[in-house]
Amino acid sequence: MKRILTGLQPTGKLTLGNLIGGINQIKKYQNEFDSFIFVPDMHSITIEQNPIELRKNIISTIALYLACGIDKDKNTFYIQSENLYHANLSWILECNVGFGQLSRMTQFKDKSQKKINVTCGLFTYPVLMAADILLYSANFVPTGIDQKQHVELARDIAECFNKKYGNTFVVPEPIIPQLGAKIMDLQNPLIKMSKSAENEKGVIYLLDTEDVIRKKVKSAVTDSDNKVCYDSENKPGVSNLLTIYACLNNLCIIDAEKHFENYQYGAFKSEVAESIINTLKPIQEKYYEILNSNLIEEVLKNGYSKVLEISKEKYNEVKNKVGLGRIDFIV
Ligand code: TYM
């Protein structure tokens, strides 16, 4: 059975963009593939974190995966930092990737321009992501468009390594949704909806209350045209709301446009807000139930032993191929 794998950073609160670009895709494919979903907490510390908040967010992220419908019996859940093979493999891969290759990563360029303290971890982060993927021989990696370049780097690293040391890694393929690969900020629909946005009004968090959601959607930036149709260049705000509606209701854009044909913006926004609320309310109810149960511990315990076995084997194969340590010494 082919394997699918993805992860969402526990940096702050998960957003509607994370749900549509990341979680919903795993949900879609979990019946078809051997499905792995993890919490890449080591990625989060590339930017300074409050340790208490970080730990809370790790657990909250697992609870949200489960609440969003990631099936505990069809998925393997784990926390990246609890398995040391990720960092070990990442180091070996770092020694097999060019500085120039990493310098071309657009996310690094964007993030480093905004930060004063740019850490080395922020620079090498895509290699850790490659290790996350290659350690488990994942065939497919579902993500939003922002992570596509990183998955492509993982492909390049795998191909290069295979050429140099013989067939070792599965070359992964990104799966980017046709619709909803980049949900935009409601206040500035020219930028991605992001956990780390400066203005929270532009971001729908999965745990936002009904009132907050209504307010945020009502104040979403649109245009003066008052015609609901998709035109991402000239009407980015409306196009974004249409995309959200279409994704949450499993519609194509044309059908979503048809649905809102005779709507004014006020009524259009109300219906989009209700649709978000209808999606998030059951998730929130389950989330709070799960947080107060043993389910998180149970899935992490099962996941840990499974991933340890798989990654130990792959890491030792790699370590032997590059000539580290003693050949008969299994770490
Ligand atoms: P992260 O935590 O930034 O985002 C998690 C997932 O959500 C998607 N996403 C979006 N999709 C649509 N619209 C948006 N506005 C939006 N914002 C985020 C992302 O594309 C992603 O799929 N480096 C990764 C985490 C990671 C990972 C991995 C993912 C670490 N190792 C291995 C896959 C495989 C990240 O920072 O995603």
Side-chain angles (χ1 to χ4, degrees), residues 3-29 35-47 49 54 57-58 60-61 64-65 68 70 78-81 83 86-87 89-90 93 105-108 110-111 121-122 124-155 157-158 172-186 188-197 202-206 236 240 243-244 247-248 307 311:
R3 186 168 290 156
I4 193 161
L5 173 150
T6 205
L8 290 88
Q9 282 196 51
T11 320
K13 304 172 275 184
L14 296 191
T15 71
L16 193 61
N18 294 139
L19 178 72
I20 293 173
I23 298 179
N24 277 356
Q25 289 211 79
I26 278 277
K27 202 171 144 189
K28 181 170 160 196
Y29 293 110
S35 176
F36 281 42
I37 188 157
F38 72 108
V39 181
D41 53 344
M42 287 157 74
H43 279 88
S44 297
I45 60 166
T46 53
I47 289 169
Q49 300 292 326
L54 177 60
N57 288 335
I58 292 168
S60 163
T61 304
L64 275 170
Y65 290 164
C68 288
I70 305 293
Y78 54 104
I79 299 170
Q80 180 190 39
S81 64
N83 180 355
H86 287 250
L89 179 61
S90 181
L93 299 182
M105 295 296 114
T106 53
Q107 203 174 66
F108 173 74
D110 292 348
K111 284 193 180 170
L122 194 63
T124 55
Y125 148 128
V127 189
L128 179 59
M129 180 160 160
D132 297 337
I133 298 167
L134 303 182
L135 198 51
Y136 299 100
S137 308
N139 304 90
F140 302 108
V141 182
T143 67
I145 198 85
D146 59 330
Q147 297 297 324
K148 186 167 178 249
Q149 195 186 29
H150 292 162
V151 182
E152 280 163 357
L153 180 81
R155 285 176 65 83
I157 293 177
E173 269 178 55
I175 304 187
I176 313 293
Q178 273 185 343
L179 192 61
K182 191 175 184 182
I183 299 298
M184 309 307 260
D185 186 284
L186 301 185
N188 178 1
L190 299 178
I191 60 168
K192 183 185 83 166
M193 182 182 282
S194 161
K195 284 177 228 140
S196 53
V203 183
I204 305 275
Y205 298 104
L206 299 188
N240 189 38
T243 303
I244 292 173
C247 289
L248 298 184
V307 296
S311 52

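Side-chain atoms are counted along with the backbone in the values below, which use heavy atoms only and exclude waters and symmetry mates. Whatever order the structure lists ligands and atoms in, that order sets their numbers, starting from 1.
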Do the side chains of D146 and K182 get close enough for a salt bridge, i.e. N-O under 4.0 angstrom? no
Sub-4.0 Å atoms of ligand 1 with respect to non-hydrogen atoms of P40: 25 (C), 26 (C), 30 (C)
Counting heavy atoms not belonging to K148, are there more than 12 under 6.0 Å from its NZ? no
At under 4.0 Å between heavy atoms, which part of K195 makes contact with ligand 1: side chain, backbone, both or neither? side chain
Going by the closest heavy atom to atom 8 (C) of ligand 1, which one wins out of A130, A154, G144, G7? G144
Ligand 1 to G180, heavy atom cutoff 4.0 Å, flagged ligand atoms 12 (C)
Going by side-chain contact (heavy atoms from CB on, under 4.5 Å), name the residues that satisfy it together with P142, two or more places apart in sequence or in a different chain. I4, T6, Q25, I26, I175
Select one of side chain, backbone, both or neither to describe which atoms of H43 lie under 4.0 Å from any atom of ligand 1, heavy atoms only. side chain
Ligand-side contact atoms (ligand 1) for residue partner L8, heavy atom cut-off under 4.0 Å: 2 (O), 5 (C), 6 (C)
Would you tell me which option among N18, I244, V141 has the nearest heavy-atom contact to atom 6 (C) of ligand 1? N18
Just let me know how F36 lines up against ligand 1, side chain, backbone, both or neither, with a heavy-atom cut-off below 4.0 Å. neither
Flag for D132-Q80: side-chain donor and acceptor within less than 3.5 Å: yes
